[in-house]
Amino acid sequence: MAKKKKDEVNFAPRGKGSEKDGAVQKGVDLPSPTRKKHKSLGLSEDDLKAMYEQMYLQRRFEERAMQQYQKGKFGGFLHLYIGQEAVSTGTVFALNDDDDIITAYRDHGWGLCRGITPNEGMAELFGKKTGCSKGKGGSMHFAKTENHFWGGYGIVGGHIPIGGGLAFANKYNQNGRISATFFGDGAVDQGALHETFNIANLWGLPAIFAVENNGYSMGTAARRHTVTEIVDRAKAYGMKSKVVNGMDVFSVYEAMKEVSEEVRESSEPYFLEIRTYRYRGHSMSDPQKYRDKEELEEYQKNDPIERLKTYLKDEEILKDKEIEEIEEKVEQEVLDAVEFADDSDFPDESALYDDMFAEDEPYFHK
């Protein structure tokens, strides 16, 4: 006897949490930031000044990049990191300079933190040969391998095994380095993540895997595209994990410092869910209909740059005038970078196949 059909079959994501089934889901819930001050974290006043300058540089660089994109100076995709600057900055200050970092295509901030100059970064966006990837990578493929920054990666989750491979190489060579792999919450359901987590724990790889959960993947809230808490992905693989407030640079620094030291000592992988919030859309073409103005304004009250600026003033580390001088210096650097990119040449046709093959003269079938 045939089963009676239901009146309605619904495959729409129901959403998890307090909202009604199928309702629009808001961005991430931020954990409490650390209560420690800079001295107890081992940070000097000079470190704080450098952190502020670095975060402000990332913000202004991307705002100018957005402006130049809208002017038609370059095309393709442009995924902005605005709002997430505490993650890159806190991490780079916590890790050693020769630790390996690889990330996804929201990579401008990471590149600037790892030694790509504003000139090199802007020129890369413009597709010029003076860019960090010689004008052939563009927005999604910033890289500076000599600084152990292995670049932005364009395939969602596709770089996670590469991050595991970097950790494997470090362990094999017994060089004391670790790898840190960053990806968005849209990558946590990719098979590559699960395969890598499994082998990383089997082989005891000195790797940090960190999801920058900015709330919306491409345009779908995490509660609507993935079940359970993201941090719980680690449980299936016996991997240690924790949730971090990614809107507070001290919280990121504290977590990364502790975790990196543990991973370096134990040669065991670690998973971090760093909860943050992007102020712009997934890319420049994103109409952002999945969130409202009020939500954005609420998260902007936790702006990581303003938090650090307030701390600098409250602790009497910098006065208003000194902060203005840092900001004016950064503003000029970014304006100079736009001019540099404009004045630079495009790659020569003869450079088309450079850096693509191991051999100097690869054989081509005709």
Side-chain angles (χ1 to χ4, degrees), residues 57-58 60-81 88 92 97-163 165-166 169 177 179-183 283-285 332-366:
L57 172 62
Q58 292 174 64
R60 295 305 291 137
F61 178 92
E62 291 212 306
E63 288 172 345
R64 287 293 179 187
M66 177 176 61
Q67 181 187 66
Q68 297 304 306
Y69 185 92
Q70 291 169 331
K71 287 183 175 181
K73 291 290 185 178
F74 62 97
F77 290 101
L78 183 65
H79 305 89
L80 298 176
Y81 199 63
S88 53
V92 167
D97 290 343
D98 60 354
D99 287 330
D100 296 304
I101 294 176
I102 189 168
T103 190
Y105 44 73
R106 202 175 302 279
D107 61 352
H108 310 142
W110 284 104
L112 291 169
C113 269
R114 262 301 163 111
I116 292 175
T117 66
N119 282 2
E120 291 173 324
M122 196 66 71
E124 188 59 39
L125 292 178
F126 280 45
K128 301 299 183 69
K129 65 181 182 181
T130 52
C132 56
S133 298
K134 300 181 182 179
K136 297 189 289 184
S139 171
M140 296 194 288
H141 302 290
F142 277 32
K144 193 147 190 162
T145 57
E146 61 267 34
N147 288 6
H148 299 272
F149 176 57
W150 297 93
Y153 198 87
I155 305 300
V156 175
H159 65 297
I160 298 174
I162 300 175
L166 290 167
R177 303 204 306 259
S179 75
T181 304
F182 293 83
F183 44 93
S283 68
M284 290 295 290
S285 60
Q332 191 58 52
E333 284 180 356
V334 175
L335 287 173
D336 290 345
V338 173
E339 184 177 354
F340 175 82
D342 241 344
D343 292 342
S344 295
D345 295 326
F346 288 104
D348 300 325
E349 288 186 14
S350 60
L352 182 61
Y353 296 107
D354 288 355
D355 305 310
M356 294 183 65
F357 300 95
E359 301 88 354
D360 290 333
E361 296 182 4
Y363 177 77
F364 293 99
H365 290 281
K366 295 182 180 179

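In this text the structure is predicted, and so the values were computed from the model without any measurement.
Contact record, D107 with G152: OD2-CA, 3.3 Å, taken as the closest heavy-atom pair. Smallest separation of non-hydrogen atoms from G163 and T181: CA-OG1, 3.1 Å. Annotation for S133 and A143: closest pair OG-N, 3.7 Å, computed over non-hydrogen atoms. When all heavy atoms of T130 and S344 are compared, the pair lying nearest together is OG1-OG, 2.8 Å. Scanning both residues, L78 and A65, for their nearest heavy atoms gives CD2-O, 4.0 Å. For the residue pair L57 and P118, the shortest heavy atom distance occurs at CD1-CG, 3.8 Å.
Under the 4.0 Å criterion applied to side-chain N and carboxylate O atoms, D355 and K134 are assigned as salt-bridge partners.
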Report task. Would you check, one step at a time, whether the test side-chain contact (heavy atoms from CB on, under 4.5 Å) holds for M122 with L125? Result -> CA-CA 5 Å; M122 196 66 71; L125 292 178; 4.0 Å; yes

Query raised in the report: Should Y105 and V156 be marked as a side-chain contact (heavy atoms from CB on, under 4.5 Å) after you check the CA-CA gap, both sets of side-chain angles, and the distance that decides it?
Result: CA-CA 8 Å; Y105 44 73; V156 175; 3.8 Å; yes

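Counting heavy atoms of neighbouring residues, nucleotides and ligands inside a 6.0 Å radius, atom CG of L335 exceeds 12 of them.
Interatomic distance, NZ of K144 versus CG of L112, reported as 10.5 Å (0.5 Å rounding). The structure places CZ of F142 at 4.5 Å from NE2 of H108, a figure rounded to the nearest 0.5 Å. Between the CD1 atom of I102 and the CZ atom of F149 there is a distance of 8.5 Å, given to the nearest 0.5 Å. Within the model, atoms OH of Y153 and NE2 of H141 stand 9.0 Å from one another, a figure rounded to the nearest 0.5 Å. The distance from atom CG of N119 to atom CG of D343, rounded to the nearest 0.5 Å, is 10.5 Å.
For the pair E124/I116, no side-chain contact is recorded, criterion being any heavy-atom separation below 4.5 Å from C-beta on. Two residues are said to be in side-chain contact when any heavy atoms from C-beta on lie closer than 4.5 Å; Y81 and E62 meet this criterion.
A side-chain donor-acceptor contact under 3.5 Å links R114 to the backbone of N147. Panel note: side chain K136, backbone D354; a donor-acceptor pair is recorded below 3.5 Å. At least one donor-acceptor pair under 3.5 Å links the side chain of R106 to the backbone N or O of L80.
Taking the six-membered ring where tryptophan is involved, the planes of W150 and H148 are perpendicular, since the angle between them exceeds 60° and thus also 30°. Using bins of under 30°, 30° to 60° and over 60° for the plane-to-plane angle, the ring pair W110/F182 lands in the tilted bin.
With sequence neighbours left out, D97 forms a salt bridge (charged side-chain N to carboxylate O under 4.0 Å, His left out) with no residue at all.
Geometrically, K128 engages F346 in a cation-pi contact, judged by NZ or CZ lying under 6.0 Å from the ring centre and within 45° of the ring axis.
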